[in-house]
Protein chains: 2
Amino acid sequence: MAITIKDVAKAANVAPSTVSRVISDSRHISEKTKKKVRKVMDELGYHTNLNARGLVQQSTKTLGVVLKYSESDVWKLGNLFVSEVLQGISAHCHQYGYSIMITTGSTEDEIYGDVVRMVQGKQVDGMIVLYAKKNDKVVPFLLDKAIPFSVVGKPLERMNEIMFVDNDNMQAAKDATDFLIQRNHRQIGFIGDNPTFQVIQDRVEGYYKAFEEHGLQRDASYVKFVHTPEEEGAVVEEFLIMEAKPTALVISTPLQGVGVLKALHKRGIRVPDEISLIVFNKTLITEMSIPVLTTIDTEAFQLGYEASKGVIELINNPNTFKRSVIIPTKIEPGESHRKLTEDNNSVIDVTIE
Amino acid sequence: MAITIKDVAKAANVAPSTVSRVISDSRHISEKTKKKVRKVMDELGYHTNLNARGLVQQSTKTLGVVLKYSESDVWKLGNLFVSEVLQGISAHCHQYGYSIMITTGSTEDEIYGDVVRMVQGKQVDGMIVLYAKKNDKVVPFLLDKAIPFSVVGKPLERMNEIMFVDNDNMQAAKDATDFLIQRNHRQIGFIGDNPTFQVIQDRVEGYYKAFEEHGLQRDASYVKFVHTPEEEGAVVEEFLIMEAKPTALVISTPLQGVGVLKALHKRGIRVPDEISLIVFNKTLITEMSIPVLTTIDTEAFQLGYEASKGVIELINNPNTFKRSVIIPTKIEPGESHRKLTEDNNSVIDVTIE
DNA sequence: CTGTTAGCGCTTTCAT
DNA sequence: ATGAAAGCGCTAACAG
């Protein structure tokens, strides 16, 4: 059994409560006693038992993080976006002395079970949910139990009861589409992953909006979803056999971006000469790609950082206004897009920007 | 305050200890009582307070995971390898009802602090260390405190006191180099990241060994280290200005692989026509690369899975033999290598395999 | 400023 | 088969 507060108290000739007060650096304790006690703590190698503290304080200074669930394993943690968000969360948590516990489940039900255990078992003081999707049980549960939490992404319901951090995905997709329209593209495709995630829906909407604002026709046949990396080839194929095939694509993840690039390459279609690409999330892999992908930087690290900030504020003061933070996105021009000439379908007469 | 075991006891007209026994499904309790108590637990919505249990049982069923520290942020969690290992750990932990707590620190000292807090604070029952490097304080600390732990990677000291899971990195690098030598390459470069990690040192050694076994000269000028993605161009440049420039490269991470590919592309050097590439770790990004990279698959998921298995066995039985598990690597031929003709430096007369 | 006391919610002997 | 009671290590009134 390890050294306890009692051992320290005895050795220092004080009461356990005094030791406790020294630990919390209470100002009701004389410097002299503090020094004495601290010396003994050092000598004995005392360390607070955080379970005991957690039990009495009803707080563990730990945040639970729900990692995004995706049908396809390769998009789960392998997802660089998630990793970056997690780094942002870590950075903020570390500053405030919070620990991080992550879900281990790999199906939605397992993850829900993890959350229940963490919350009801009082293992965490708050939660961060890394996704917002339809038919999700986690967010309603957290709401019901009145647990401090924040969502990275846009909740689908009860938005004003929930603190969340997100990009304006609709605006971002609109910006991206605008960016292409301004460069005279008219046939623009959209490729998204799991459409049950709200983020994808918002992006589709923004994509449509850009068309409308330019007085152009929206066309659902230009919007496609890819559920596994293997499907990318098929989707690209579908686009290529269209009568009016797209001259540009808006793509919702870096991995998909690279996948599409690959599928196009295999078919001898050159980027950006024959088709332009703009991809969500600037990550190492979009930077490393050949050509460098033009991206919409969503500031994943910042997203995580702010989410953590939000929950911790909420923990410290449950009456904190449930604000929603919108992290601005920015188009980062790479080498994967080009401008078409005015008579928009010309592929030969290229204007290099 | 939430429902406690006492509330349940009262409502069910039994003693708290009986409720506790029902929770642990003790065989000294009659089925009848069990049913009755369980019903009440359900009705009241009882959930075990895991802090309290942790306090009395001196165990939290939680594993701490030390995420690999790297000077460069982009290689930290962004590292797909780490993500995959973490998935493997998660999968096994979930099976055995263990939770995962991760370190939040971003410098070596911060991480060490995290570990001390987790361990001394009795937040975790065991640890998994995701790296093995020189001058590391974490492993000696864990050893000193006799905490159950396992290392993903090869420890540098006291190997027989430590349970670890690793690839045979020396063998893997030797295999990769052999693979190239057999295809008539003679000028083969090696690019690694942080050489303070043991894994890199082993790989360098394996690389040398392949030369020796083929009766060829080893040459340290063909071994280079890259610390930041920006340096990749410079290193490639160094190789290209050598009198006898390499016809092939062995590269220690996927990200570096893609980086090198990019640097070569920028300089108009074609892969695999002018230079062959073989890269450690088969990940999504090596698969997505154009051309698909020839890789040495290190089975990251499996590495994590086995590491978790090891610690949990150790926790359940501290006398478990401190075995080391070697996960076999396998060369996955992609499109980034080619075979040279017998008179090895010929670049024009290519043999396509 | 410091000591005494009473729990936090659970498990675990020891009785019965 | 079940209950009573002690205690895990800590904090937080309440005294003094």
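Basis for what follows: all heavy atoms, side chains included, without hydrogens, waters or symmetry-related copies. Every chain is numbered from 1 and lettered A, B, ... according to where its sequence line falls, protein lines coming before strand lines.
B:Y305 and B:Q95 share a side-chain donor-acceptor pair at under 3.5 Å. If you check the side chains of B:D109 and B:T107, you find no donor sitting under 3.5 Å from an acceptor. With hydrogens and angles left out, the side-chain atoms of B:D136 and B:Y131 include a donor and acceptor closer than 3.5 Å.
Close to D:dT2, at under 4.0 Å from its OP1 or OP2, lies a side-chain N or O of B:T33.
Within the 4.0 angstrom heavy-atom criterion, only backbone atoms of the sugar-phosphate kind lie near B:I29; the bases stay farther away. Within 4.0 Å of B:N13, counting heavy atoms only, lie sugar-phosphate atoms of the nucleic acid but no base atom.
Atom CD in B:Q120 sits roughly 14 Å away from atom P in D:dG9 (whole-Å rounding). The separation between A:K61 atom NZ and D:dC10 atom C1' is 16 Å, rounded to whole Å. Rounded to whole Å, atom P of D:dC10 lies 12 Å from atom CG of A:L55. In this structure, the CE atom of A:M41 is 15 Å from the C1' atom of D:dG9, given to the nearest Å. D:dC10 atom P lies 12 Å from atom NE2 of A:H47, rounded to whole Å.
B:Q120 contributes no side-chain N or O that, together with a main-chain N or O of B:V116, makes up a donor-acceptor pair within less than 3.5 Å. Of the possible polar contacts, one joining the B:S24 side chain to the B:S20 backbone as a donor-acceptor pair under 3.5 Å is found. Looking only at distances, no side-chain donor or acceptor of A:T103 sits under 3.5 Å from a matching main-chain atom of A:G105.
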Going 5' to 3' along nucleotides 11-16 of chain D, which nucleotides have protein heavy atoms under 4.0 Å from the base (write B), which only from the sugar-phosphate (write S), and which from neither (write -)? BBBB--
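Among B:I3, B:I5, B:V8, B:T48, the single residue meeting the side chain to side chain contact (heavy atoms under 4.5 Å, CB included) criterion with B:M41 is B:V8.
With a cutoff of under 4.0 Å to any heavy atom of chain A, the contacted region of DNA chain C is bounded 5' to 3' by C:dC1 to C:dG9.
End-to-end axis angle for the helix from C:dC1-D:dG16 to C:dT16-D:dA1, using five pairs per end and rounding to 10°, comes out at 40°.
In this structure, B:E43 pairs ionically with B:K39, as a charged nitrogen and a carboxylate oxygen lie closer than 4.0 Å. B:D7 and B:K10 are not joined by a salt bridge, as no carboxylate oxygen comes within less than 4.0 angstrom of a charged side-chain nitrogen. The pair B:R323-B:E313 counts as a salt bridge, with a side-chain nitrogen and a carboxylate oxygen less than 4.0 angstrom apart. Under 4.0 Å is where a charged nitrogen must lie from a carboxylate oxygen, and between B:K137 and B:D144 no such pair does.
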